[in-house]
Amino acid sequence: MTGQPFRSATGGRIDRSRTLRFRFGGRDYVGHPGDTLASALLANGVRLLGRSFKYHRPRGLLAAGVEEPNALVQLGEGARVTPNVRATEVPLYEGLVASSVNCWPSARFDIGAVNDLLHRFLAAGFYYKTFMWPNWHLYEGFVRRAAGLGRPSREADPDRYVTRNAHCDLLVVGAGPAGLAAARAAAERGERIILVEQDMAIGGSLLHDNNIIDGLDQDAWIAGVRAALDEAPDARILTRTTAVGYFDHNALALVEALGSEVDCAATPDRPRFRLWQVRAARVVLATGAIERPLVFAGNDRPGVMLAGAARTYAARFGVLPGKRALVVTNDDEAYRVAEALIAAGMEVAELIDLRATVPADLAARLAAHGVAMTRNATVDATRGRGHIRAARIRLPGGATRWVRCDCLAMSGGFSPAVHLFSQSGGTLRFDEQRAAFVPERSVQPEVSVGGAAGDFDLTSALASGYRAGGGTGAAPSASQSRQPSPPGPLGQVAGDPSRAFVDYQNDVTAADVALAARESFRSVEHLKRYTTLGMAPDQGKTSNVNGLALLAGATARTIAETGTTRFRFPYTPLPLSVMAGWRRGDLFRPVRFMPGHGRHVTAGALFEDFGGWQRPACYPRAGEDRHAAEQREALAVRQGAGLFEGSPLGKIEIVGPDAARFLDRIYANTMSTLQPGKVRYGLMLSEIGAIIDDGVCARLAEDRFLVCTSSGGAARISAWLEEWHQCEWPDLDLVIAPVTSAWGVLTLSGPAARAILSAVGTDINLAADAFPHMSWRQGLVGGMAARILRVSYTGDLSYEINVPASRVPELWDRLMAAGAGHGIAPVGIDAWMLLRTEKGYLHIGADTDGTTTPLDVGWPQVLRKKSDFIGKRSLFLPENLSEDRLAFVGFASDDPAIALPIGAHVLGPDGSDGYVTSSGFSPTLGHGVALGLIRGGAARVGERVVVRGLDGDLPARVTSPVHFDAQGERLNG
Amino acid sequence: MLLISCPHCGPRDEVEFSCGGQSHIVRPPESASDAEWAAYLFDRDNPRGVHRERWVHDHGCGQWFNIARDTVTHTISAVYPMGESAPGIAGTGMVGTGASL
Amino acid sequence: MRRLYSGWQLLREGLRGQRGWTPAWREPEPKPRYDAIIVGGGGHGLATAYYLARTHGVRNVAVLEKGWIGGGNSGRNTTIVRSNYYYQPSAALYDHALRLYEGLSRELNYNVMLSQRGLITLAHSRHDLEAATRWVGAMRLNGVDTTMLSVANIARRVPALDVSPGARYPVFGGFVQDRAGTARHDAVVWGYARAADALGVDIIQNCAVTGILRGVDGRVTGVETGRGRIMADKVALAAAGHSSVLADMAGFRLPISSYALQAFVSEPLKPVIDTAVLSLATGTYVSQSDKGGLVIGGGLDHYLSYAQRGNLPVARSVLGAIAEQYPSFGRVRFARQWAGIVDVVPDSSPIIGASPVPGLYLNCGWGTGGFKAIPVGGTVLAHHLATGEPHPLAAPFDLGRFARGALIDEAAASGIAH
């Protein structure tokens, strides 16, 4: 562990009384609470933080905030490692572990740096011009391994993420002076306020500058605003919270950092991030401005940083970014930076202003500190291995001289942080006077203030914030107020353009921009895509405007003519887990359990997901595999009885004088002729004529029907019925009541079903003539109120017993006990499907797809139905009447031992002639049974076909779909 | 994230609703020609600008209603009940189709 | 004269400061009349112009682009190319495209970075597996390469995927098309543009079409644009995302609805996934670009939009599903979201060929799948423009299929989203 050689003796908003230990690149360091990882590394003299994306050039800190393009680190260890985190956005904490990305073996000695030696051959878009022979694939592996930055963990993300919705009258983004003024004004009006600040402290630019506001020093003023918000009835300050997205109708997404890697490891319940979804009546964007680099050769050498960042490290963190600084600027603000650096204890070698006209007042103040100032000059080269040692100044006449420095603080002016404004749909205009894109036209209830609006004077920023917050009185004002003089022109390049970086994160140089312009990539978007400028994760926060200016210059247009690009969600990169929020693990698309779930567990069920429900596939006994269990359960139904829970089956009551008329339009067949007490099977079609669901419909009373749907159709069909009723036929007098979850359903099926039901005890006469197939009865079963539908999906005598959902376990127990002597077995979906396949009953979605019509499944009679129904007219379109369609049949394999593979195709003259939709081995019949669709349908029964499985061809015969009990004796018995 | 004013429940987030597509489509009688029927099934208004469409508050009151929404700005300029003609549009007051294709 | 791109030229230019490169295409003023006008300077429009010039010798052609070429869906997709289609007409169309892609870099002398790293379609239930079997059988009968994959196989090829039985969507297996993969979307556009330009095609950017001109006989005579009237007897519309608007100018309606489709890219990572993977259950897919970003796509936004921006609920659903299915990606950060406007047709298949207006031709309705079809879209439309007859591959995809009820609905056949 070393000292902190670059920590200033005093000053900064850090707690020097405490030290925090951390590890970077395998070495131990210390810092203080209040530091970021970046400031702590700088304090320890660690200036080489990583390697650049393409050329693997050594890079250090450029910035101090979210715009940092260089200092990307792997943060954390093991399952908690996060790649590509900006060191400037990580508040230092005890035990932090991080390392550099994109270098091997280390940031200092990096093999990839050979790319930099070859840079002259690796200009923008070089890869489009080569690697074509024999094909790209030959080269791609190398490129992929060389590309990329960090490495994600190989383990699951163990942390917790939470979500919260909020509404407010005013959302203020950014707690700098303008944002604070806005929030305070709104607080005075008693509004509901959310104030968001991405930093760990509120204050923004006030945190590194000395000002008197309304007679108070800045800390006292900030404290006053905080107190006003604390007293307000409904105001919330969120620090370490970044507004990342601005969506329609004033909805914004905020991400609040709640716990570090170490915190979350220590306290497993502690959430790592909270995603806020805020709907605000008004939004104030006080997001400040981002300083631009200057474009000169060697401007990426570690030690070259944005002037404002140098000041932030010195004034806020008590870290000297060097001992001797050279300040280079085309903007006023850097003069104040020079003063701040001196105040912090640094030597300022010189100030170079690119402009011919310099601010006399500021220059005079610098002169008083003994700092020389040169105008109309620039820096066109730097040197120093691994770190800047000197910079070359080019004077107006062309003469040059080297100046020794270990920090170069540069300022190319400021770009308002218009990212959220742009996301909101607002348009930008280029302000020549301020050399910046500023908000032009808003499309949502939002206003940009302060630096975000291009207003760089403190007093007027305070005033614009105050007014945007609704303040009508005297706005806060600062003692120091000064409108900056115009920045120098943009788009100037000094020195070798192929070494002058515009986009640090993607290694795009001024030469690349010029090349793109020469090669037709003159649109901003083409420039971006061809050179990758602005396409890195930082979305060009520091590079966009410089790139545009260079393009404008290269194409002899103004920046305004050249245009800009839209900024995209998110403002800063977001972990996928944050987007998931609560919806992870058990809460990711939660599964549903049937009312009898506990009984299935006890019975040893193997569960699978069926349409979102956890349902028993089968109940394997010791030594049984899934197939054996299916065979046994199917046999039990055929020989004695099986018990199957069908609670997810959709149940919708249609009640009202027009219920029958409505259902005649809904079903392809007629329901109005159904007698109360009876049940009828029906098909529902989409308006294009395809079958969307099937099931039985029971007439409960003259004006009351129970529509049963497939399990998967329960929610979909009731919504669909509502849509037709409300939107197309609101004149029909009826109510649609989905009652699926109110009822539990146990289906008892098999020759012994009647005996078992009798044994349980019921007041319903079960005699075949009293309660025939396709009818329903209501009564008591084992003392429970029940509705029984005598319908069958197995082909055997079946009672579908509906009871209140809460009574299902009790009914299950009673039926199982009563069935013990009859060989009753719980039956899972596997056997249930096998039984209905034997019987040739349709399973919508398996035997049909989204194109199958009733005509294709042997229901030509629907064409003769007199009245209109949904989908009817479509059945008369030529294609649907074709004889050549795929239609429903059965298949029998020549080899009786084989169950034809589901999904296997029937070979036809031009490829597929159909396919197997359902199949299994029937233990009752002793051979395979299959259903399917074949071109031409029933006309081909008896024909021999070849079924092509994945593993070979299987000869088979086309049969009727009904393989079992064609006469229906079992069904009606 | 649209903020939609349900006529029954007031303004709610779009996640509570589902969009059912274009409103005011007239369902033709069975006697329609193949071309007329296909146009009813498939041809849709698809304007860059105001689109009249119907939504259902399916995670709320369950009621369908119409809105006029700009497809470029997403601004909602009107919310009106099923069965009413669109504001500013001469119409018969015919309700739309229930075709969920 | 156009300079040939090669490694040799790169060396040469590297040594002389890259000064010898010439413009990839000209910036011509529009001529008053062309033999054919293509509206839309995306991949399909530029490819149409290229094949018109190269295959059919029709070189007096203009491509009109309202903004910058490749600025629509050609530059807003997730760069997947594949031909794993179910129906024979679809398979024939898309596999022809894939075969053209396989030779495209050399054909155009532009590296489009076709990366045939395969596309795996996951099956999450027994039903999915049965559907996959059916799909694989159909692909083989259609002459398209595919292989069923076991869970172990998938686990080996996609180590980041959660294949545990306890997963919300456990993996039962899947199938792969190994010839599928990705291509660099911008390069496809630029490659076609450069090659078409070299053959004499005028590529005119910043030239929005504001009207379709028709003669007294109803035939197309040209277009009205922001840069004046440009005449041609044949006009083709290849402007995904604006097809309905252009059809409206010509006085007819299309069975098209336009929706925003979002996509996402993560920060660059060292290689973590070596193939493209599609999950049927969550409707999401992911691949990793050569630059290292995870490229993630999902379903459409739920209402009509021309806004080219997505909404948060869909973004959360798509990215949340990826975090769940690839648990180690949870801390990976996505850096950018974007949206394209896709023209969705009821059967999710394209509309190619004649329009109700004589002389006006259509290439539209590719939905979310237009990028992979660029070479074939250009081939068949150029054929129709040059010969007056539909290309055999395109014939089933005519506008008339809707009134016949002859939809080609891949989604209905499977539930496999495009």
Side-chain angles (χ1 to χ4, degrees), chain B residues 1-4 12-26 28 30 32-59 64-77 79 86 96-97 99-101, chain C residues 66 208 210 239-249 251-260 262 300-317 339 341-349 351 356 364-365 398-407 409 411-412:
Chain B
M1 290 213 285
L2 308 180
L3 186 67
I4 299 170
R12 300 294 168 91
D13 192 275
E14 72 172 65
V15 296
E16 296 185 16
F17 301 84
S18 296
C19 182
Q22 184 186 339
S23 291
H24 309 298
I25 296 173
V26 180
E30 289 181 66
S33 70
D34 287 356
E36 286 162 353
W37 186 254
Y40 152 71
L41 287 180
F42 302 125
D43 289 358
R44 289 292 176 270
D45 288 348
N46 191 25
R48 271 183 78 89
V50 176
H51 185 242
R52 283 164 292 281
E53 59 199 16
R54 69 175 188 230
W55 288 70
V56 60
H57 194 188
D58 50 0
H59 295 283
W64 284 88
F65 55 92
N66 293 312
I67 72 173
R69 183 180 62 87
D70 190 294
T71 59
V72 179
T73 65
H74 295 175
T75 304
I76 295 171
S77 52
V79 178
T97 172
S100 287
L101 300 170
Chain C
K66 78 178 168 67
T210 54
H242 299 85
S243 305
S244 297
V245 176
L246 287 163
D248 192 47
M249 289 177 196
F252 61 94
R253 278 159 68 93
L254 286 171
I256 281 180
S257 300
S258 298
Y259 295 92
Q262 302 191 51
L300 299 171
D301 283 10
H302 303 306
Y303 40 81
L304 292 190
S305 178
Y306 285 91
Q308 287 190 338
R309 62 174 185 270
N311 78 11
L312 186 60
V314 170
R316 291 196 59 201
S317 154
I341 302 305
V342 298
D343 285 347
V344 176
V345 175
D347 64 357
S348 304
S349 285
I351 300 170
C364 62
D398 67 329
L399 183 57
R401 71 176 185 270
F402 297 97
R404 295 196 304 274
L407 308 189
D409 195 337

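Just so you know, these numbers use all the heavy atoms, side chains as well, and skip hydrogens, waters and symmetry mates.
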Between C:Ser258 and B:Asn46, do the side chains contain a donor N or O and an acceptor N or O under 3.5 Å apart? yes
Closest non-hydrogen contact found for B:Val15 with C:Pro313 is CG1-CG, 3.4 Å
Taking C-beta and beyond as the side chain, do B:Glu14 and C:Asn311 meet within less than 4.5 Å on heavy atoms? yes
Give me the one residue out of C:Leu407, C:Ile256, C:Val345 that meets side-chain contact (heavy atoms from CB on, under 4.5 Å) with B:Phe42. C:Leu407
Rounded to the nearest 0.5 Å, the OG atom of C:Ser244 sits from the CZ atom of B:Arg48 at a distance of 11.5 Å
Rounded to the nearest 0.5 Å, how far apart are CE of B:Met1 and CG of C:Leu312? 4.5 Å
For C:Ala403 and B:Ala35, the nearest pair of non-hydrogen atoms, with its separation, is CB-CA, 4.2 Å
Salt bridge (Lys or Arg N to Asp or Glu O under 4.0 Å) involving B:Asp45 - partner list, sequence neighbours excluded: C:Arg253
Are the side chains of C:Ser305 and B:Thr71 in touch, meaning some heavy atoms are under 4.5 Å apart? no
Salt bridge (Lys or Arg N to Asp or Glu O under 4.0 Å) filter on B:Asp70, not counting sequence neighbours, yields none
Within the distance-only criterion (no hydrogens, no angle test), does the side chain of B:Arg69 pair as donor or acceptor with the backbone N or O of C:Leu304 below 3.5 angstrom? yes
Of the backbone (N, CA, C, O) and the side chain (C-beta and beyond), which part of B:Glu36 lies under 4.5 Å from a heavy atom of chain C, both, or neither? neither
Chain C contact via B:Thr73 - which portion, at a heavy-atom distance below 4.5 Å: backbone
Parallel, tilted or perpendicular: ring planes of C:Tyr303 versus B:His74, cut at 30 and 60 degrees: perpendicular
